[in-house]
Amino acid sequence: MLISWNTTRRCNLFCRHCYRESGPGEDGRGELSAAEGIELISSIAEAGFRLLILSGGEPLLREDILELVAAARDCGLVPAMGTNGTLLTETVARELATAGLRGIAISVDSSDPEYHDAFRGRAGAYELTQAGIRNALAAGLRVQINLTLTEKNLDEFDRMVDFYESSGVHAVHPFFLVSTGRARSMPEEELHSGAYFGMIRKILERQATAALELKPTCAPQFMPMAKEMGIAQRFTRGCLAGVSYCCILPKGEVHVCPYLPVEAGNVRRTPFADIWRESEVFAELRDFSRYEGRCGACEYVAICGGCRARAFSYTGNYMAEEPWCFRSGTWTPSTES
C-alpha cells in the first residue's frame, strides 16, 4: 500500500494544472507541524502502509523535510518524494539520500524547455529541473519522471522515453489530466475517447520493450488492456483510491486521492490508522458491488475500477461510472475524439 502526504501548499512554481492550487503566494500557516507530521507517519505505519510519498506543493520548501524523511525511515516505511526538481541541488540530493529517501519523482512535461516553463509558470524551470534529475541520480536515488499528458504534448512521449532511458532514469509515469484544481480551467487539453485509449495502448506497447518502467497514471484501464494484450504487470489495480492508497492534505484532511476532493476524516481529530480502517468513504470504495453504471457491471472492476476522481469531476459522484471509458467487449479505441 502507498500513501501521499501533501506536506505543504507552498511552491516556488505556479503550474497550470496544479490539483492543490499551490504557488508562491502560500505561506504555510495552519499546516501540520513537524511533531504532528511525525505522529501522522507513525500512524501510517501502524495502518500497514509501505510507501510514503512526501509531496506538495513543493516539499523541499519545508524546513523540516529531512526530519520527516528520517522519521518515515525509522518507522519502517519507504520514503519517497514528489517534487518539481528545481530546488534539488547536489547538497540537497545527498542530504535526502542520507536521511533515508529511497526514490524521487520529478515532474517534466516536455523535452521543449519553452513548453515546460510555460506549463510550470516559471522561465528557466526546465534547466533547473534537469540539473535536479542529474543530482538525484548522482546521489543514488531512484528517479521517476512524472509527465502530464495533454492534447498539446502527446508527441513528446517517445522522445522523452528515449532521452531518459539513455540518462539512467528508472521510470517514466505519464499522468492523464484530471479536471480538478487549476486543471478545471483547461478542459480543451484533456484527452478523450480514441486519443485517451490510443495513448494508453502506446504506453503499454512501449512498456513491453523499454528498459525503464512505464506506467499510465489516472488511466486505470491500462490494467485490463495489458491483460488482454498479454503484457505482464507488477501492479495490482488501475485506480487504487481508497483501496490501497489515499492522500493527506497539508492541514490534515484525509482525501481519497489528490484529484478527488472528498474527505474521509482529519488526522487532527482522529488518528490516521482509525480513519483508514473505519471511514465509510473507504468502505464504499472497497466494496466493488457498490460501483455504479458500466463500472459496476464490468468484469474488470477489481483490477481497473475506473478513475474515481474523473467520475467525481464529471458527475459529483465518486461511485459513478468512469466517464471516459467506452468499453464494449474490446479495448480497441473508437474513432471519436
Side-chain angles (χ1 to χ4, degrees), residues 1-8 11-13 15 17-20 22 49-62 65-66 68-69 72-73 77-89 92-93 95-97 99-111 116 119-120 125-126 128-149 153 156-157 160-161 163-165 167-178 181 203 207 210 212-219 222 234-235 240-241 244-248 257-259:
M1 299 197 300
L2 68 154
I3 186 169
S4 60
W5 172 20
N6 299 145
T7 59
T8 183
C11 191
N12 59 325
L13 303 185
C15 303
H17 67 311
C18 182
Y19 59 78
R20 200 54 65 221
S22 299
F49 283 80
R50 178 177 179 272
L51 175 63
L52 170 61
I53 304 166
L54 301 164
S55 64
E58 175 47 59
L60 292 178
L61 288 174
R62 280 198 65 131
I65 195 64
L66 294 175
L68 297 175
V69 170
R73 175 202 62 199
L77 296 168
V78 176
M81 180 175 289
T83 173
N84 61 48
T86 60
L87 304 177
L88 199 57
T89 64
V92 168
E95 289 176 341
L96 287 169
L101 195 74
R102 297 277 293 279
I104 194 159
I106 300 175
S107 299
V108 186
D109 304 298
S110 176
S111 58
H116 177 87
F119 199 74
R120 296 286 161 179
Y126 179 85
L128 289 170
T129 297
Q130 295 306 312
I133 293 168
R134 293 190 293 270
N135 293 335
L137 288 169
L141 296 171
R142 183 184 188 276
V143 176
Q144 171 182 307
I145 302 301
N146 287 351
L147 159 63
T148 299
L149 293 172
N153 69 344
E156 287 290 319
F157 172 71
M160 290 182 67
V161 172
F163 175 74
Y164 288 114
E165 197 168 35
S167 302
V169 163
H170 303 83
V172 173
H173 285 197
F175 279 66
F176 288 71
L177 198 63
V178 178
I203 295 166
Q207 181 189 69
L212 45 65
E213 177 184 274
L214 303 177
K215 177 186 176 291
T217 304
C218 298
F222 87 91
R234 72 172 181 85
F235 310 103
L240 305 177
S244 56
Y245 171 78
C246 69
C247 76
I248 316 295
C257 90
Y259 309 98

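Predicted model only: the values in this text are computed from it and were never measured. When reading the values below, keep in mind they use all heavy atoms of this one structure, side chains included, and skip hydrogens, waters and symmetry mates.
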If you count every heavy atom of other residues, nucleotides or ligands that lies below 6.0 Å from Arg102 atom CZ, does the total exceed 12?
no
Spatial distance of atom CD1 (Ile104) from atom CG (Leu54) [nearest 0.5 Å]:
10.0 Å
Counting only N and O atoms by type, is there a donor-acceptor contact under 3.5 Å from the side chain of [X] to the main-chain atoms of [Y]?
X      : Y      : value
Ser111 : Glu156 : no
Ser22  : Gly57  : yes
Thr7   : Ser55  : yes
His170 : Val143 : yes
Asn153 : Thr148 : yes

Under a 4.5 Å cut-off applied to non-hydrogen side-chain atoms, are Ser107 and Arg120 in contact?
yes
Going by the angle between their ring planes, with limits at 30° and 60°, are Phe175 and Tyr259 parallel, tilted or perpendicular?
tilted
For residues Glu58 and Thr83, is any side-chain donor paired with an opposing acceptor at under 3.5 Å?
yes
Over all atoms of both residues, closest heavy-atom pair of Asn12 and Leu61
N-CD1, 3.8 Å
Any chance you could lay out the side-chain contact (heavy atoms from CB on, under 4.5 Å) test for Lys215 and Gln144, step after step, and finish with the verdict?
CA-CA 11 Å; Lys215 177 186 176 291; Gln144 171 182 307; over 6 Å; no
side-chain contact (heavy atoms from CB on, under 4.5 Å) between His17 and Leu177: does it pass, once the steps are laid out?
CA-CA 8 Å; His17 67 311; Leu177 198 63; 3.8 Å; yes
